[in-house]
S.K.: 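Shown below is the structure under consideration.
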Amino acid sequence: MQRIAVVGGGAAAACVVESLARTVREPCALTVLDGGGPLWRGRAYQPDGDRILTNIHITQMSLRERDTDHALRWLTRHAPGSVDDDGLTSRSLYGAYLDDTASRAWRRLAGRGWRLRTVREHVTRLLPDGDGVSVGTAGGRCERFEHVVLCTGPTVPGDPYGLATSPRYVATPFPLARTLATVPPDERVGVLGSGLTALDIVAELVARGHRSAIVLASRSGVLPAVRRRSSPNRPRHLTLTCLERNVAAGRPFRTADLLRLLREELRAAGVGETGVLRELALTEPAIERLRRQLRDADDYDAGLGVLRHALHRFAGHAWNLLPDAEKAVLWQRHGRAVTSLCCPMPRHRAALLLRLLESGQLRLLGGLSGVVPCSPGGFDLVTRDAVAGVGTLFNALNPAAPGTGAPSVPEVFVTRRLDIGHPLGGLRTDRTTHRVPGAHNGRSGLYALGHSTRGSVLFQFGMPSLVYQSGLVARAIAACTDAGAGPDAPT
């Protein structure tokens, strides 16, 4: 009986357990190691207020890779009417779905003869060694497993401005029901970042009747794009088949190849490059970009549709094949535009932001260069053009972008021991299995998904990506444990 360990017990671990239950036929011994809070929910899906919503359609949030309606069916059965017209539900309810689905998968495994246990200790070291991985914990435990899946997030929130010990600085915003409860309605509030988490904070403050100004401050000053109507067309050139053909021919894949395929796809769709270049350039003022995207949200733009298709599974695989130096250049030039497009906001959220920006209650600052704690309290947000003072300051910076994010303790250990870290952060992984290379680039039993792959994987965050990655890992483990097991083992 082979031994499998899952390091971390959050949403990524829930994906792995569900994928193992649906993929691996042969009974194994499975251990989940996590020294934190409740299993399966992670930080983002803890119990919270009913108004704190998910940001993508529920059919993209299924824990089952080939069953897109699974989460919707669960919510319809357990909480009728909890999915709104945009396909969104509360984060707390979605966390309950994760908890229930992973717990059911756990029980199915037990019923099929798996040996299961949880170890409530933090993992401090991982060492691929021959055909196994040694796992050490803070409590002094040391065990060896044939397969180890690293699912940990950053040990601590990112703190680029050195504010961790400052009063009235909220390093981890979720659950918002708790962190916003002590914010006076007439206090100026600052938010570091301008992505989806930042917008969640703004929306909940307003829903609670906040009357004073809210300042979003980030280096880019870029808001998420507004979600648009999806394209019915399937790509012809930006496909995994084309990519695999290039790999099979033994040719290196470069940025020029990626741009060539994008241009061929645009020509096949009968559109020019103007709209795509405009979205990637981010030269419009943020409020004008928001107005335009909100106005055009019901229309389908063929060029933008091509780009959105490219930014999902194809771009992730293509990114993994690019040379590291070219990845760094691409991310520096277009990373914020890519994140904005691949993680769009719902239209009702965009309408709220536009209203707040036009009324002056919300202020968006780009070019953030520093944050200065003030005496006796509060902070000055310093940009290239202005200084804005706020009272309470929330951290909503994205810890998942390549080149950013605090590493987990086991990630640091394995990187130092084996020199397999990625220059843009995290660990190097194989794109088809998410296996981490062993010593001297040999084979190992260590796999990684989520935060620990932020240099190797373009979109390692978000439930659709975690579900897809966990499927790759489960199939790789099944290939080692099963004799001829298919990708969809009956449960």
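None of these values were measured; they are calculated from a predicted model. Throughout, residue positions are numbered sequentially from 1 according to the sequence presented.
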S.K.: Does D385 have any salt bridge (Lys or Arg N to Asp or Glu O under 4.0 Å) partners at least two apart in sequence or in another chain, and if so, which?
M.R.: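 So D385 forms no salt bridge (Lys or Arg N to Asp or Glu O under 4.0 Å) with any residue.
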
S.K.: Measure the OG1-CZ distance between T197 and F174 for me, rounded to the nearest 0.5 Å.
M.R.: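 Spacing of OG1 (T197) from CZ (F174) equals 4.5 Å.
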
S.K.: Is the backbone N or O of T255 less than 3.5 Å from a side-chain atom of E326, with the two atoms forming a donor-acceptor pair by type?
M.R.: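 Flag set: sc E326 to bb T255 pair under 3.5 Å.
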
S.K.: Kindly write out the residues that satisfy salt bridge (Lys or Arg N to Asp or Glu O under 4.0 Å) with R168, not counting sequence neighbours, or none if the list is empty.
M.R.: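 Checked R168 against salt bridge (Lys or Arg N to Asp or Glu O under 4.0 Å); matches are E187.
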
S.K.: Working to the nearest 0.5 Å, report the span between CG of L466 and CD of E65.
M.R.: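 Output value for this atom pair is 12.0 Å.
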
S.K.: List the residues meeting side chain to side chain contact (heavy atoms under 4.5 Å, CB included) with T433, not counting sequence neighbours, and say none if there are none.
M.R.: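 Listed in chain order: D430, R435, A476.
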
S.K.: Not counting sequence neighbours, which residues clear ring pair (Phe, Tyr, Trp, His ring centres under 6.0 Å) with H78? List them please.
M.R.: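 Residues passing ring pair (Phe, Tyr, Trp, His ring centres under 6.0 Å) with H78: W74.
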
S.K.: Report yes if some heavy atom in the side chain of V382 is under 4.5 Å from a heavy atom in the side chain of V371; otherwise report no.
M.R.: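 No - every pair of side-chain heavy atoms lies 4.5 Å or more apart.
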
S.K.: When you look at R292 and E288, which way does the salt bridge (charged side-chain N to carboxylate O under 4.0 Å, His left out) test go after all the steps?
M.R.: CA-CA 6 Å; R292 172 179 60 80; E288 295 303 323; over 6 Å; no

S.K.: Run the side chain to side chain contact (heavy atoms under 4.5 Å, CB included) test against S220 and tell me which residues pass, sequence neighbours left out.
M.R.: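 S194, S218, V222, R336.
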
S.K.: Please report, to 0.1 Å, the donor-acceptor pairs under 3.5 Å made by any side chain of residues 353-361, with sequence neighbours excluded.
M.R.:
from, atom 1, to, atom 2, distance (Å)
E358, OE2, R291, NE, 3.1
E358, OE2, R291, NH2, 3.2
S359, OG, R355, O, 3.3
S359, OG, L356, O, 3.0
S359, OG, Q361, N, 3.4
Q361, NE2, H210, O, 3.0
Q361, NE2, S212, O, 3.1

S.K.: Considering residues, nucleotides and ligands other than R236, do more than 12 of their heavy atoms fall under 6.0 Å from its CZ?
M.R.: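 At most 12 heavy atoms, drawn from other residues, nucleotides or ligands, come within 6.0 Å of this atom.
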
S.K.: Would you name the heavy atoms of P175 and D48 that are closest together and state the gap between them?
M.R.: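 Scanning both residues, the minimum pair turns out to be CA-OD2, 3.1 Å.
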
S.K.: Can you tell me if N395 uses its side chain to pair, donor with acceptor, with the backbone of T172 under 3.5 Å?
M.R.: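 A pair under 3.5 Å: no.
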
S.K.: Is there side-chain contact between F394 and L180, with heavy atoms separated by less than 4.5 Å?
M.R.: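 In contact.
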
S.K.: How long is the straight-line distance from OG1 of T54 back to CE of M463, given to the nearest 0.5 Å?
M.R.: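 That separation rounds to 11.0 Å.
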
S.K.: Please evaluate residues R120 and D34 with respect to the criterion side-chain contact (heavy atoms from CB on, under 4.5 Å), reporting the C-alpha separation (whole Å), side-chain torsions for both, the decisive distance (0.1 Å), and the verdict.
M.R.: CA-CA 5 Å; R120 304 299 272 166; D34 188 286; 3.9 Å; yes

S.K.: Test L393 against V191 for side-chain contact (heavy atoms from CB on, under 4.5 Å), laying out the working first.
M.R.: CA-CA 6 Å; L393 181 62; V191 182; 5.8 Å; no

S.K.: Closest approach of F379 and S166, non-hydrogen atoms and distance?
M.R.: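 Minimum heavy-atom separation between F379 and S166: CE2-CB, 3.7 Å.
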
S.K.: Judged by atom type as modelled, is there a donor-acceptor pair below 3.5 Å linking the side chain of E18 to the main-chain atoms of C15?
M.R.: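 No, E18 side chain to C15 backbone: no donor-acceptor pair under 3.5 Å.
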
S.K.: Kindly indicate, with the supporting measurements, whether the criterion side-chain contact (heavy atoms from CB on, under 4.5 Å) is fulfilled by L199 and L216.
M.R.: CA-CA 9 Å; L199 305 192; L216 297 184; 3.9 Å; yes

S.K.: How long is the gap from OH on Y169 to CG on L163, to the nearest 0.5 Å?
M.R.: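 These two atoms lie 5.0 Å from each other.
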
S.K.: Under the side-chain contact (heavy atoms from CB on, under 4.5 Å) criterion, do I214 and R363 qualify, and how do the steps go?
M.R.: CA-CA 6 Å; I214 306 169; R363 186 178 178 191; over 6 Å; no

S.K.: Report yes if some heavy atom in the side chain of T118 is under 4.5 Å from a heavy atom in the side chain of W106; otherwise report no.
M.R.: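 A side-chain contact under 4.5 Å exists here.
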
S.K.: So with a 6.0 Å cut-off around NE2 of H237, is the heavy-atom count from everything else above 12?
M.R.: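 Counting neighbours around NE2 of H237, more than 12 heavy atoms of other residues, nucleotides or ligands fall under 6.0 Å, so yes.
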
S.K.: With salt bridge (Lys or Arg N to Asp or Glu O under 4.0 Å) as the rule and sequence neighbours excluded, what pairs involving residues 78-98 come up?
M.R.: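 Salt bridge (Lys or Arg N to Asp or Glu O under 4.0 Å) check on residues 78-98 returns R91-D200.
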
S.K.: Side chains of R267 and L262: does their closest heavy-atom pair fall under 4.5 Å?
M.R.: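 SC-SC contact between R267 and L262 ruled out.
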
S.K.: Hey, are the side chains of P47 and R41 touching, using non-hydrogen atoms and a 4.5 Å cut-off?
M.R.: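 A side-chain contact exists here, since the closest heavy-atom pair is under 4.5 Å.
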
S.K.: With sequence neighbours left out, what residues match A350 under side chain to side chain contact (heavy atoms under 4.5 Å, CB included)?
M.R.: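 V226, L290, L294, M345.
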
S.K.: CG of L63 to OG1 of T101: how many Å apart, nearest 0.5 Å?
M.R.: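 Reported to 0.5 Å precision, the distance equals 5.5 Å.
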
S.K.: Has R431 got a side-chain atom pairing as donor or acceptor with V457's backbone, closer than 3.5 angstrom?
M.R.: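 Side chain of R431 to backbone of V457, a donor-acceptor pair under 3.5 Å: no, none is there.
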
S.K.: Could you tell me whether a side-chain N or O of S90 sits under 3.5 Å from a main-chain N or O of L53, the two making a donor and an acceptor?
M.R.: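 No.
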
S.K.: Donor-acceptor pair, distance only, cut-off 3.5 Å: does the side chain of S82 make one with the backbone of A79?
M.R.: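 Yes, the answer is positive, given that a donor and an acceptor are paired below the 3.5 Å cut-off.
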
S.K.: Restricting to side chain to side chain contact (heavy atoms under 4.5 Å, CB included), what partner residues turn up for T165, sequence neighbours left out?
M.R.: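 If we apply the side chain to side chain contact (heavy atoms under 4.5 Å, CB included) test to T165, skipping adjacent residues, there are no hits.
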
S.K.: Is it the case that the side chain of T453 and the backbone of G450 share a donor-acceptor pair, with hydrogens and angles ignored and the cut-off at 3.5 Å?
M.R.: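 Side chain of T453 to backbone of G450: a pair is present.
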
S.K.: In terms of side-chain geometry, is the basic nitrogen of E279 or R289 positioned less than 4.0 Å from the acidic oxygen of its partner?
M.R.: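 Here E279 pairs with R289 in a salt bridge, since their nearest N and O are under 4.0 Å apart.
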
S.K.: Is a donor on one side and an acceptor on the other found under 3.5 Å between the side chain of H434 and the backbone of L449?
M.R.: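 No; judged by distance alone, with no hydrogens or angles, the pair does not exist.
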
S.K.: For H70, which residues count as a ring pair (Phe, Tyr, Trp, His ring centres under 6.0 Å) partner, sequence neighbours excluded?
M.R.: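 Once residues adjacent in sequence are excluded, the partners of H70 under the ring pair (Phe, Tyr, Trp, His ring centres under 6.0 Å) criterion are Y97.
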
S.K.: Could you work out, with salt bridge (Lys or Arg N to Asp or Glu O under 4.0 Å) as the rule, every residue matching D257, not counting sequence neighbours?
M.R.: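 Only R260 meet the salt bridge (Lys or Arg N to Asp or Glu O under 4.0 Å) criterion with D257.
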
S.K.: Does the side chain of L150 come within less than 4.5 Å of Y447's, by heavy atoms?
M.R.: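 Of all side-chain heavy-atom pairs linking L150 with Y447, none is under 4.5 Å.
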
S.K.: Atom CG of L205 and atom OG1 of T392: how far apart are they, to the nearest 0.5 Å?
M.R.: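 Going from CG on L205 over to OG1 on T392, the span is 9.5 Å.
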
S.K.: Please test D67 against R73 for salt bridge (charged side-chain N to carboxylate O under 4.0 Å, His left out), starting from the C-alpha separation and ending with a verdict.
M.R.: CA-CA 10 Å; D67 185 358; R73 291 198 305 272; 2.6 Å; yes

S.K.: Between the main-chain N or O of N55 and the side-chain N or O of R227, is there a donor-acceptor pair closer than 3.5 Å?
M.R.: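 It does hold such a pair.
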
S.K.: Do D324 and K327 come within less than 4.5 Å of each other through their side chains, counting heavy atoms only?
M.R.: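 Sidechains of K327 and D324: in contact.
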
S.K.: Going by the rule salt bridge (Lys or Arg N to Asp or Glu O under 4.0 Å), which residues pair with R104 if we only count those two or more places apart in sequence or in a different chain?
M.R.: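 With sequence neighbours excluded, R104 shows a salt bridge (Lys or Arg N to Asp or Glu O under 4.0 Å) to D100, given in chain and number order.
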
S.K.: List the atom of P224, the atom of C343, and the distance in Å for their closest heavy-atom pair.
M.R.: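 That would be CB-O, 3.4 Å.
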
S.K.: Please give me the minimum heavy-atom distance between R108 and A21, naming the atom from each residue.
M.R.: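 Closest approach of R108 to A21, heavy atoms only: NH2-CB, 3.6 Å.
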
S.K.: Does D296 have more than 12 heavy atoms from other residues, nucleotides or ligands lying within 6.0 Å of its CG?
M.R.: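 It does: D296 CG has more than 12 such atoms within range.
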
S.K.: Is there side-chain contact between V7 and V149, with heavy atoms separated by less than 4.5 Å?
M.R.: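 Counting from C-beta outward, V7 and V149 never come under 4.5 Å.
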
S.K.: Just wondering, more than 12 heavy atoms not from Q332 lying within 6.0 Å of its CD?
M.R.: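 At most 12 heavy atoms, drawn from other residues, nucleotides or ligands, come within 6.0 Å of this atom.
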
S.K.: Strictly distance-based, threshold 3.5 Å: is any side-chain N or O of S456 a donor or acceptor partner for the main-chain N or O of L427?
M.R.: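 Looks like yes, one N/O pair under 3.5 Å.
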
